[in-house]
Amino acid sequence: MNKKSKPSTHTLPASQLQKIIDLLYDQGYTVIGPQRRDNAIIYDEITSTDALPAGWIDVQEGGTYQLQRRDDDAWFGYAVGPHSWKQFLFPAKKKLFTIERETFRAQAEPADKTRYAFLGVRSCELHAIAIQDKVFRDGPYADPAYSRLRNNAFFIAVNCTEPAATCFCSSMNTGPGAESGYDLLLTELISSDQHEFLISSGSAKGRALLGTMELPEATPAARERSQELLTRAAEKMHRRMDTEKARKLLLANPEHPHWQELGTRCLNCANCTMVCPTCFCSTVEDVTNLTGDTAERWRRWDSCFTMGHSYIHGGHIRSSGAARYRQWLTHKLATWVDQFGVSGCVGCGRCITWCPVAIDVTEEITKFEPVTRDTAA
Amino acid sequence: MENLKSVIGEHPFMQGLDEHTLDTLVGCASNVRYNAGDYLARMGQPAEHFFIIRHGHVSLEINAGPRGIIGVHTVEAGDVLGWSWLIEPYKWHFDARAVELTRVIALNGECLRKKCEQDHDIGYALMKRVAQLMEQRLTATRMQLLDMYGTHV
Amino acid sequence: MAAQTDPMLPRPFRIEKVTHETADTFTFELSQQQTNGNSGFDFACGQFNMLYTFGTGEIPVSISGDPARPQRLVHTIRAVGSVTRAMKKLKKGDTLGVRGPFGSAWPVQQAEGNDVVIIAGGIGLAPLRPAIYSILQNREKYGNVVLLYGARTPQDILFEKELREWRGRFDMQVLITVDHALGTWKGNIGVVPDLIKRVKIDPDNTIAMVCGPEIMMRFCVIGLHNRGMEHDTIFVSMERNMKCGIGLCGHCQYGPEFICKDGPVFPFSKIRTLFDIYEL
């Protein structure tokens, strides 16, 4: 198969997925996969396919998320949960260095040599990782910890055939099928008598791993079924985001009265920024031990919804909720393009689901049409 | 007098005034010299003059009692000083003190007011200039009020 | 090796000299603590460092020293927050953490062949001082050089000795004003944008460099523009919250710009539309 220029697609019986997990552990990877915990699908270390959320679907809408039983026992029959892979590559809390008062030598934390294998990465999430690559790895200054973890990681994508109602990746060309950025790509095919995956590789690492498994070529019928599932998934998505239009509207309307309304509705809870797979703001905290001889500097996730985010001596630049909401949305959908050449949104819908007051970015963006002033007396 | 006229006409504040207006202004003008420490104006006193500063440096001050004398603005060559001559009750609200030898053209306020009443074109031309000056001073005063360089915690 | 490539690790610098400039502002002269002796700290005029005080925190501070004298790294700091107040307590021989230099520079090369108008307000004179040094060292390459400086009170005037020297030069015009003063002050009282009308400006052959509070810069830009200067010849230095200095933490965003890596020095034309948006 290595001789073929185009990577071929094989069939992987569901029972064989365990073998891939085992092989990855043999190669020194720590496998992270989806699991059901606290009534949500979350990502954590996984050693067995038994831990996968078999037979669960996440029913999502603005401000709500519920797990329900599926009619089948699909392992990847959900869309996306509150977690994203960001928490592994860009941990929510990380010690930057320890420093001794006496020597004043800042010692970086030993490099995290973990080699993650992420199982169940959605196409939108691959896009999110590619976006964070531009922020943390490919700019003039790189975050060495992110770069190392990310470059060492193994990505097993799973095509999304069960988008949630909050998803809008199809309109953003970020899903539901994965096109690049993975080492292995799975499509889950399940029927009353069969549970299998289509599997193909997207990198040398993936090809090598696949080469050690003797898997049959996928049948044309299976491929067709896979395509059909993806087409249907795309059709299921009713929310839309026109990235180009959104950008123009936001850049043209920084003083639009709708910001005030959003500022009133938004609770400034920062949930959207925490669940967003691309949000990258962080702050630092300095701590000393009791004797004051040793200090540490920690980095932790921050959010542009906090007051402190814009603090400079004398006050906060963005003191109103409206200004903070504007910063978030305008950055995400407009100025991100200026900064990194892509939109900061991948259409995963997490910010809609996890917003306690159900603010829906796909809906809000339509309200920024220019105001027509009534000049009549 | 021709000399006075050319000095007045060349002053930035008077830019664009026509010959007739300049001639009228000269009729109210005199050359005055103040030594360092002399007062051009005292708070509460009648505002008898409008000053065109030719040379020197004048400090607008207010006596803040126990806080001492507080300077609020300075003017120098190229500036003008005083609009109290134009506005009732024609009294100074600040002290104006020459910080160094200062030469001015002093335009008599009563004389100016009379001419302005007689010829509203002249009155309007002067009023426009005074209004602009007030706007500039007000903007500057507001910036000073902001205390831009202060610590605001 | 890894420690040297990590842009988030401060390097220790020893405080060689402390100068108390005003009641709340002081200048540190720093030397790099290295086992293999003292090496220079190269930077461009207008750039900043992230300065770390042990256990307290880290803040961005512009470099205020002479780029032609890289042996000493010079920072002028105003004690306005917890980190700067902790810095104010440091003495000669104490250590400070330094990361940098970061950010864009004043257009001192671009200004060659032109007149230069430098306008500083308050502590804003510190980030401009390296540019003034550079320009004066190559004085023959520039036309008229003007410095307009505004401070809060006469007691808040920074670098008084140097201001006197510069004012004494025949090839530089220096005008100073203060916002508030007692009657004993012999100088100007009034805001610094009002000084613009006092100087000769050839709008087609002048580069302006402006640094101070945003309100002050706003009125200076208006004043310069009224004198015929185009916005792309007026440079301003912006300030925002910064945690990293290298474009990773997201705090210093200003519309599409990161103040830390796209700025802090911008041609005004680049940020003109942002400047009028409140709470950006």
Side-chain angles (χ1 to χ4, degrees), chain A residues 96-97 99-101 103-108 110-111 135-136 139-146 251 254-255 279-289 292 294-297 299 302 304 308-314 316-320 322-324 326-327 330-331 334-339, chain C residues 2-14 33 50 52-60 78-84 94-97 99 102 123 213-214 239-258 260-262 273-274 276-280:
Chain A
L96 292 176
F97 61 78
I99 187 166
E100 303 291 329
R101 185 185 288 277
T103 60
F104 219 96
R105 299 279 162 198
Q107 294 294 331
V135 178
F136 289 130
Y141 292 94
D143 174 347
Y146 175 91
L251 291 181
E255 315 277 9
C279 270
F280 61 86
C281 283
S282 64
T283 187
V284 286
E285 278 173 354
D286 294 277
V287 292
T288 50
N289 67 354
T294 306
E296 293 172 353
R297 169 156 267 239
R299 182 191 72 192
D302 199 5
C304 53
H309 191 275
S310 66
Y311 177 80
I312 55 172
H313 61 91
H316 304 91
I317 303 274
R318 292 186 280 272
S319 54
S320 73
R324 296 198 287 280
R326 179 182 66 190
Q327 170 61 25
T330 309
H331 182 220
T335 53
W336 205 299
V337 180
D338 300 283
Q339 294 169 348
Chain C
Q4 285 184 335
T5 56
D6 188 335
M8 290 301 282
L9 288 189
R11 287 175 287 160
F13 276 64
R14 184 176 186 273
Q33 297 299 286
M50 297 298 290
Y52 169 80
T53 45
F54 183 84
T56 311
E58 194 183 46
I59 48 151
R78 186 170 178 214
V80 286
S82 56
V83 177
T84 47
D94 288 342
T95 311
L96 209 60
R99 293 192 295 121
F102 300 128
I123 187 81
E214 266 181 51
E239 184 185 13
R240 282 293 182 272
N241 187 323
M242 288 183 196
K243 297 296 181 193
C244 73
I246 52 178
L248 302 183
C249 79
H251 279 80
C252 70
Q253 286 179 78
Y254 186 53
E257 314 293 341
F258 286 93
C260 68
K261 59 176 188 182
D262 304 318
T273 54
L274 306 173
D276 289 335
I277 303 172
Y278 293 162
E279 293 191 64
L280 195 69

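Lettering of chains follows the sequences in order, A, B, ..., and the numbering in each one begins at 1. Since the model is a prediction, treat every value here as computed from it, not as a measurement.
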Does any backbone or side-chain atom of C:Ile59 lie under 4.5 Å from a heavy atom of chain A? Answer side chain, backbone, both or neither.
neither

Can you tell me which of A:Thr330, A:Asp143, A:Asp286 forms the most heavy-atom pairs within a distance under 4.5 Å of chain C?
A:Asp286

A:Arg299 portion near chain C, given a 4.5 angstrom heavy-atom threshold
neither

Under 4.5 Å heavy-atom distance to chain C, tell me which part of A:Asn289 shows up: side chain, backbone, both or neither.
neither

Heavy-atom contact with chain C under 4.5 Å, split by part of A:His331:
side chain

Counting heavy-atom pairs under 4.5 Å with chain A, which one of C:Glu58, C:Met8, C:Glu239, C:Arg78 comes out on top?
C:Glu58

Identify which part of A:Arg297 has an atom lying under 4.5 Å from any heavy atom of chain C, answering side chain, backbone, both or neither.
side chain

Which bit of A:Ala142 comes within less than 4.5 Å of chain C, counting heavy atoms only: side chain, backbone, both or neither?
backbone

Using non-hydrogen atoms only, which part of A:Thr294 is less than 4.5 Å away from chain C: side chain, backbone, both, or neither?
backbone

Verify whether the ring centers belonging to A:Tyr141 and C:Phe102 lie closer than 6.0 Å.
yes

Heavy-atom cut-off 4.5 Å, strictly under: side chain, backbone, both or neither for C:Asp276 against chain A?
backbone

Does any backbone or side-chain atom of A:Ser282 lie under 4.5 Å from a heavy atom of chain C? Answer side chain, backbone, both or neither.
both

With a 4.5 angstrom heavy-atom cut-off, could you sort out which part of C:Thr273 is near chain A: side chain, backbone, both or neither?
neither

Between A:Cys279, A:Ala322, A:Ala295, who has the most heavy-atom pairs with chain C when the cutoff is under 4.5 Å?
A:Ala295

Compute the centroid of each ring, for C:Tyr52 and then for A:Phe97, and state whether the two points are separated by less than 6.0 Å.
yes

